[in-house]
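Scroll down for the structure; my scribbles are underneath it.
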Amino acid sequence: MLAHETADGTVAVRLVEVEAYRGLGEDPGSHAHRGPTPRTRVMFGEPGRLYAYFTYGMHTCLNVVGHAPGAAGAVLLRGATVVEGLELARSRRGGASDRDLARGPARLAVALGVPLSASGADLLAPPFRLLVPAAPPTAVVSTARTGVSGAGGGAAYPWRFAVAGDPGVSPYRRHARSHD
DNA sequence: AGTTTGATCGTCT
DNA sequence: GACGATCAAACTC
């Protein structure tokens, strides 16, 4: 579960879909594939931090940095259901259905009210709160990652993990520009 | 210094 | 199912 507190209040979500990315040549789909850059440097640092990036000219997506010592990597938060601050999440998402409030990585960032500038923040300290449920979900499925182009998008990297059948899981989409 | 591309979403058909 | 929005980072001269 991840919570974020602002002057407007607190929104908390239960994460039901994530994707894993690694760095340094091990994972062609990762932003950290070619080593650290100003944007991705946080992926090479302390686990438990936020890696937020801006994409498609208008969207912010959130990752939790997490990897073995000396490695690099992060987990993209792709889908969630709102468990606290429902009214605030609704107002931020302007008219979307309750199911769609945090169903998708960019929607999730909007619902939580996390700005791009928060990248690098410690998710274990205020205004954030990140915790693992006492009873982890049992029916977790792994599939190919969503929207990833090139070699990282195939079945070679089945690093998308979702709670089976949960309404907060986003629909699978293949990469927008992969034609045949 | 110029070009390309995207870990997406909402809207329209 | 298809497409446009919109811009920063990364890549190519």
Side-chain angles (χ1 to χ4, degrees), chain A residues 2 11 13 15-45 47 49-67 71-82 89-121 123 130 140-163 166-180:
Chain A
L2 176 64
V11 170
V13 299
L15 302 167
V16 297
E17 181 192 357
V18 299
E19 280 176 9
Y21 290 87
R22 304 195 66 183
L24 294 172
E26 302 177 73
D27 178 1
S30 173
H31 290 167
H33 176 49
R34 307 198 181 222
T37 67
R39 180 176 64 156
T40 63
R41 70 189 181 284
V42 66
M43 282 180 82
F44 294 81
R49 306 289 268 275
L50 174 71
Y51 166 50
Y53 67 89
F54 182 80
T55 192
Y56 287 104
M58 63 190 82
H59 293 306
T60 299
C61 299
L62 310 178
N63 297 248
V64 178
V65 175
H67 52 74
V75 172
L76 170 67
L77 309 180
R78 286 202 56 88
T81 54
V82 175
R90 279 178 183 144
S91 71
R92 283 174 175 156
R93 290 278 296 120
S97 72
D98 282 2
R99 188 191 181 197
D100 286 345
L101 289 178
R103 181 172 174 253
R107 295 165 170 178
L108 198 161
V110 171
L112 280 173
V114 178
L116 181 61
S117 59
S119 192
L123 291 174
L130 178 65
V140 175
V141 295
S142 80
T143 66
R145 294 180 296 194
T146 299
V148 178
S149 69
Y157 297 88
W159 295 346
R160 175 188 187 224
F161 303 97
V163 176
D166 192 286
V169 175
S170 70
Y172 179 80
R173 287 195 194 89
R174 136 190 216 240
H175 185 257
R177 270 186 240 223
S178 16
H179 306 297
D180 39 3

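Letters A, B, ... are given to chains in the order of the sequence lines, protein chains preceding strands, and every chain is numbered from 1.
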Original post:
Is any side-chain N of the basic residue among A:Asp98 and A:Arg90 closer than 4.0 Å to the acidic one's carboxylate O?
Top reply: yes
**OP:** Return the value, rounded to whole Å, for the distance between atom NE2 of A:His59 and atom P of B:dT11.
**Re:** 11 Å
Original post:
Any side-chain heavy atom of A:Val13 within less than 4.5 Å of one from A:Leu112?
Top reply: yes
Subject >> Rounded interatomic separation in angstrom, taking CE from A:Met43 and P from C:dA10 >> reply: 12 Å
Subject >> Spacing of A:Tyr53 atom OH relative to C:dT6 atom P, expressed in whole Å >> reply: 20 Å
Original post:
Between A:Arg39 and B:dA7, does any side-chain N or O lie under 4.0 Å from OP1 or OP2?
Top reply: no
Original post:
With sugar-phosphate meaning primed atoms plus P, OP1 and OP2, does A:Arg93 contact a base, only sugar-phosphate, or nothing at under 4.0 Å between heavy atoms?
Top reply: sugar-phosphate
Original post:
Could you walk me through whether A:Tyr21 and A:His31 pass the ring-ring contact (aromatic ring centres under 6.0 Å, His included) check?
Top reply: CA-CA 8 Å; A:Tyr21 290 87; A:His31 290 167; 7.2 Å; no
**OP:** Evaluate the criterion side chain to side chain contact (heavy atoms under 4.5 Å, CB included) for residue pair A:Val75 and A:Asn63; output intermediate values, then yes/no.
**Re:** CA-CA 5 Å; A:Val75 172; A:Asn63 297 248; 5.9 Å; no
Original post:
Could you give the CZ-to-P distance, from A:Phe54 to C:dA9, as a whole number of Å?
Top reply: 9 Å
**OP:** Please name the pair of heavy atoms, one in A:Leu62 and one in A:Leu76, separated by the smallest distance, quoted to 0.1 Å.
**Re:** O-CD1, 3.5 Å
**OP:** Decide whether A:Arg160 and A:Thr146 meet the rule of one side-chain donor and one side-chain acceptor closer than 3.5 Å.
**Re:** yes
**OP:** Would you mind telling me which residue lines up with the more 5' stretch of DNA chain B, A:Gly150 or A:Leu108, judged by nearest nucleotide?
**Re:** A:Gly150
Original post:
Any salt bridge between A:Glu19 and A:Arg145, counting N to O under 4.0 Å?
Top reply: no
Subject >> Positions of residues 21-37 of chain A (non-hydrogen atom under 4.0 Å from DNA chain C), listed by number >> reply: A:Arg34, A:Thr37
**OP:** Provide, to the nearest angstrom, the distance between the CZ atom belonging to A:Arg174 and the P atom belonging to C:dC3.
**Re:** 14 Å
Original post:
Which value, rounded to the nearest 0.5 Å, describes the distance between A:Arg78 atom CZ and A:Cys61 atom SG?
Top reply: 8.0 Å
**OP:** Hey, could you give me the OG1/OH distance between A:Thr40 and A:Tyr53, rounded to the nearest 0.5 Å?
**Re:** 12.5 Å
Original post:
Is it true that a side-chain atom of A:Arg107 and a backbone atom of A:Arg103 form a donor plus acceptor pair closer than 3.5 Å?
Top reply: yes
Original post:
How is the base pairing of DNA chain B summarised as a dot-bracket string, given the Watson-Crick and G-U wobble criteria with both distances under 3.5 Å, [ ] for crossing and | for another strand?
Top reply: ||||||.|||||.
Subject >> Nearest-angstrom distance from the residue atom CG of A:Leu116 to C1' of B:dT8 >> reply: 15 Å
Original post:
Looking only at side-chain N and O atoms, does A:Arg173 come under 4.0 Å of OP1 or OP2 in B:dC9?
Top reply: yes
Original post:
Picking from B:dT8, C:dA10, C:dT6, which would you name as closest to the side chain of A:Thr40?
Top reply: C:dA10
Original post:
Starting at CG of A:Leu77 and ending at C1' of B:dT8, how long is that distance when rounded to a whole Å?
Top reply: 15 Å
Subject >> A:Thr55 side-chain proximity, nearest of C:dA10, B:dG6, C:dA8 >> reply: B:dG6
Original post:
What's the CG-C1' distance between A:Leu62 and B:dT8, to the nearest Å?
Top reply: 13 Å
Original post:
Counting only side-chain N and O atoms of A:Arg107, is one of them less than 4.0 Å from OP1 or OP2 of B:dG10?
Top reply: yes
Original post:
How far, in whole Å, is C:dT12 from B:dA7 if one measures between their P atoms?
Top reply: 16 Å
Subject >> Side-chain donor/acceptor contact of A:Tyr56 with base of C:dA5 under 3.5 Å >> reply: no
Original post:
Base, sugar-phosphate, or nothing for A:Arg145, non-hydrogen atoms under 4.0 angstrom?
Top reply: nothing
Subject >> Most 5' of A:Asp100 and A:Val75 on DNA chain B, judged by nearest nucleotide >> reply: A:Val75
